[in-house]
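For reference, the structure is listed below as structure tokens.
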Amino acid sequence: MPKGIEMEEVVESRSTDLSYTRKEKESLRRVGIIYGEVGTTQFTFSVTGNVEQGDYVQVLHEKFGWVLGHVDEIKRKTNLSVEKAREIVFGKDMDVKEVLSATVVVIGYRDSKGLLQYPRIPFRVGTMVYLAQDSFIKKVIGIKEIKNTGAYIGRLYRYRSIPIYLDINAMVQKHVSILAKTGAGKSYLTGVLLEEFLKHRVTAVVIDPHGEYSSLRFPAKKSRMHDEFKVKPKGHASKIKIFSPDVELNEAKPLRFTLASMTPRELLNLMNLDARQYLIPLRKTMDLLKMSRKYFTIRDIIRLLESEENNNAGPLIAQLEYLDEMRVFDKKGTRIDEIVEEGKISIINLRGVPPDIQELVVQRLSMALFELRKRGKIPPLMLVIEEAHNYAPQQGISSATKILRTIASEGRKFGLGLCIISQRPAKVDKNILSQCNTQIILKVTNPNDLKAIGNSVEGLTKGSLEEIQRLPVGVALVTGGNISMPLFVEIRPRETKHGGESVKVV
Ligand SMILES: Nc1ncnc2c1ncn2[C@@H]1O[C@H](COP(=O)(O)OP(=O)(O)OP(=O)(O)O)[C@@H](O)[C@H]1O
Ligand SMILES: [Mg+2]
């Protein structure tokens, strides 16, 4: 006979459920009885009521009072063997015994000083287990409704009456990572965060490789979920500024960089050319131009190269022609204080821009933001980077990696926050990811990515790591900042239109 069944019979004769007041008992829903081996951090209970994996439960400890736990796993144990199962197939009647056994990870209780503690003596076998009350969950986990400084991102998963706020100061000071497989809801959630930033007059710059975020200007279509989560559809057209190097493809203001601020080597890095062969002619040409004028263009370089006798410069000229077509360089660059405006969100739409030019944009812009922020010339802000594995890869190089690492390690001192978004956590630079204190993880299934997450998230239980692989769209595991332990959160509906809808093929 399986162990679970045996134990249930034992515990029923030894119930220690004596110390509850009658009133407390009546208002709580009993779901089981503790049995088996009981540890201080984990125990199992035989399920007698309605309880599911992921539920919070509360148990009265004889010495420490009420303690909160989280149902990490539920198993159905039976005495039905394979042989007996086969007999059922052949029509034989069989008396099958089964029992549900739940594993609980102990979260703890608040002591008289309000500190989170866990009971240092295990619960007694036979102690009753109850579904936890919302107020008790909030108290022990420390969930606070910080409306003034918090971003309302959604509700505790399966507990719709408990709203979850993320501390915006903690996010900007100590960075954020949003990780999940494709289609799990990263961009949707980033949109939610940006809406909250707008409400709290927090400035942000968004690197938007797919042109998804311009839709923050428009309200979402009203749905039943808006009422349930107490939000209203609303557009933010007046607070969204859009810039792009490609204004023919994208509805945006032009984003340009000054050529004079580039070194010849940086310019060569953007080209598919052997630096040893072309660095000297390019430097000579740029030096000549710099001597005669303050601003010059790529066309000026090409003209000068063409006028020279030495015609080995053919490939260099061809690559410069390509850069000229990209139109990222101009006599005068776009001013950073024109891009960044307090309380507004600036979207850098890179749709249709080739990868090398995207890297250049991220590098130049990040450097400028860091320098100006250091000197206090622009307001504190959040730099949001979508598809971060492209700009800060763990392997290979990107011209933007260095400055992004600097911001990750030093940005906190200057009020420049990073929000890193990626569908391949294992492929993002570890130095940068490890600096992200607020971690938001949606569904992930790739084993390498799961390993990277398991290694980087503190306090993640075995059950939670399993659950991450099965999360429905729009549910996220959140930890860090003001959230002291990993919590599953159902993300609230968007107030603005989501721009990242999948394309219907048929
Ligand atoms: N919280 C949510 N509530 C309702 N629907 C959602 C939610 N999150 C995502 N979705 C839906 O799932 C789809 C995919 O979401 P999203 O575009 O955010 O994925 P993603 O993780 O950014 O994917 P990718 O890596 O491909 O960019 C969206 O079109 C949206 O309709
Ligand atoms: Mg996306």
Side-chain angles (χ1 to χ4, degrees), residues 151-160 162-166 176-196 204 206-216 218-234 345 347-352 355 358 362 384-393 419-428 433 439-446 448-450 452-453 467-478 487-505:
Y152 167 48
I153 58 160
R155 312 227 152 196
L156 191 63
Y157 184 34
R158 310 180 53 251
Y159 291 82
R160 282 250 173 105
I162 305 183
I164 302 289
Y165 289 80
L166 288 182
V176 181
S177 60
I178 300 176
L179 309 172
K181 69 185 291 180
T182 173
K186 296 180 297 294
S187 306
Y188 191 98
L189 163 63
T190 307
V192 168
L193 281 182
L194 292 172
E195 288 166 9
E196 292 293 317
V206 184
I207 303 296
D208 179 12
H210 305 302
E212 299 173 272
Y213 290 96
S214 305
S215 64
L216 281 162
F218 311 116
K221 230 164 82 188
K222 175 111 171 60
S223 81
R224 186 176 49 83
M225 295 296 271
H226 284 103
D227 295 332
E228 285 198 27
F229 281 79
K230 298 202 172 77
V231 286
K232 287 196 185 96
K234 182 175 191 277
I345 288 178
I347 290 160
I348 312 301
N349 186 343
L350 298 178
R351 188 166 67 117
Q358 290 195 10
V362 175
V384 179
I385 304 195
E386 266 275 5
E387 311 285 6
H389 47 272
N390 290 335
Y391 311 115
C419 176
I420 294 292
I421 303 157
S422 175
Q423 43 175 277
R424 293 309 313 275
K427 294 200 169 165
V428 184
L433 264 195
Q439 293 165 307
I440 307 181
I441 295 151
L442 297 114
K443 181 173 181 164
V444 174
T445 50
N446 179 293
N448 286 332
D449 293 334
L450 277 167
I453 287 167
E467 199 166 349
I468 289 174
Q469 304 173 51
R470 297 182 185 88
L471 286 179
V473 169
V475 177
L477 182 84
V478 182
L487 294 182
F488 286 102
V489 178
E490 187 179 3
I491 303 306
R492 71 159 171 78
R494 287 276 297 268
E495 295 170 359
T496 57
K497 190 167 172 252
H498 176 48
E501 303 292 340
S502 317
V503 174
K504 286 207 178 75
V505 182

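Here, residue 1 is the first one in the sequence, and each next residue gets the next number. Quick note: numbers below take in every heavy atom, side chains included, and nothing from hydrogens, waters or symmetry partners. Each ligand, and each atom within it, is numbered from 1 in the order the structure gives.
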Exercise for the section: Answer yes or no: is there a side-chain heavy-atom contact under 4.5 Å between I178 and C419? Expected result: yes
Handout entry: Expected output: side-chain S177 to main-chain L433 donor-acceptor under 3.5 Å
Key = no
Exercise for the section: Take the Mg ion (ligand 2) and tell me which protein N, O or S atoms are nearer than 2.8 Å. Expected result: S187 OG
Practice task
Please say whether E386 places an N or O atom under 3.5 Å from an N or O atom belonging to ligand 1.
Solution key: no
Exercise for the section: Output, in order, the C-alpha distance, side-chain angles, deciding distance and verdict of side-chain contact (heavy atoms from CB on, under 4.5 Å) for K427 and S422. Expected result: CA-CA 9 Å; K427 294 200 169 165; S422 175; 6.0 Å; no
Exercise for the section: Give the contacting part of V473 toward ligand 1: side chain, backbone, both or neither, where contact means a heavy-atom distance below 4.0 Å. Expected result: side chain
Fill in the blank from the handout: G185 heavy atoms within 4.0 Å reach ligand 1 at atoms 8 (N), 9 (C), 15 (O), 16 (P), 18 (O), 19 (O), 20 (P), 21 (O)
Problem - All ring pair (Phe, Tyr, Trp, His ring centres under 6.0 Å) counterparts of Y188, not counting sequence neighbours - result: H498
Practice task
Answer with yes or no whether A180 contacts ligand 1, where contact means a heavy atom under 4.0 Å from a ligand atom.
Solution key: no
Handout entry: Selected option - heavy-atom contact closest to atom 22 (O) of ligand 1, from A184, G499, S187
Key = S187
Handout entry: Side chain, backbone, both or neither: K186 near ligand 1, heavy atoms under 4.0 Å
Key = both
Exercise for the section: Could you tell me whether the side chain of E386 and the main chain of I421 form a donor-acceptor pair under 3.5 Å? Expected result: no
Practice task
Below 4.0 angstrom from a heavy atom of K181, which ligand 1 atoms are there? Numbered from 1 as shown, please.
Solution key: 21 (O)
Problem - Under 3.5 Å: donor-acceptor pair, side chain of E490, backbone of R160 - result: no
Practice task
With side-chain contact (heavy atoms from CB on, under 4.5 Å) as the test, would you mind laying out the steps for E228 and R155 before giving the verdict?
Solution key: CA-CA 10 Å; E228 285 198 27; R155 312 227 152 196; over 6 Å; no
Problem - Option whose closest heavy atom lies nearest to atom 23 (O) of ligand 1, chosen from A476, G191, G183 - result: G183
Practice task
For E387 and Q423, run side-chain contact (heavy atoms from CB on, under 4.5 Å): C-alpha distance rounded to whole Å, both residues' side-chain angles, the deciding distance at 0.1 Å, then the answer.
Solution key: CA-CA 7 Å; E387 311 285 6; Q423 43 175 277; 3.6 Å; yes
Practice task
Report yes if some N/O of E212 lies less than 3.5 Å from some N/O of ligand 1; otherwise report no.
Solution key: no
Completion exercise
Heavy atoms of L156 and I164 approach each other most closely as N-CG1, 3.6 Å
Exercise for the section: Give a yes or no on whether the backbone of Y213 and the side-chain of D208 come within a donor-acceptor separation of less than 3.5 Å. Expected result: yes
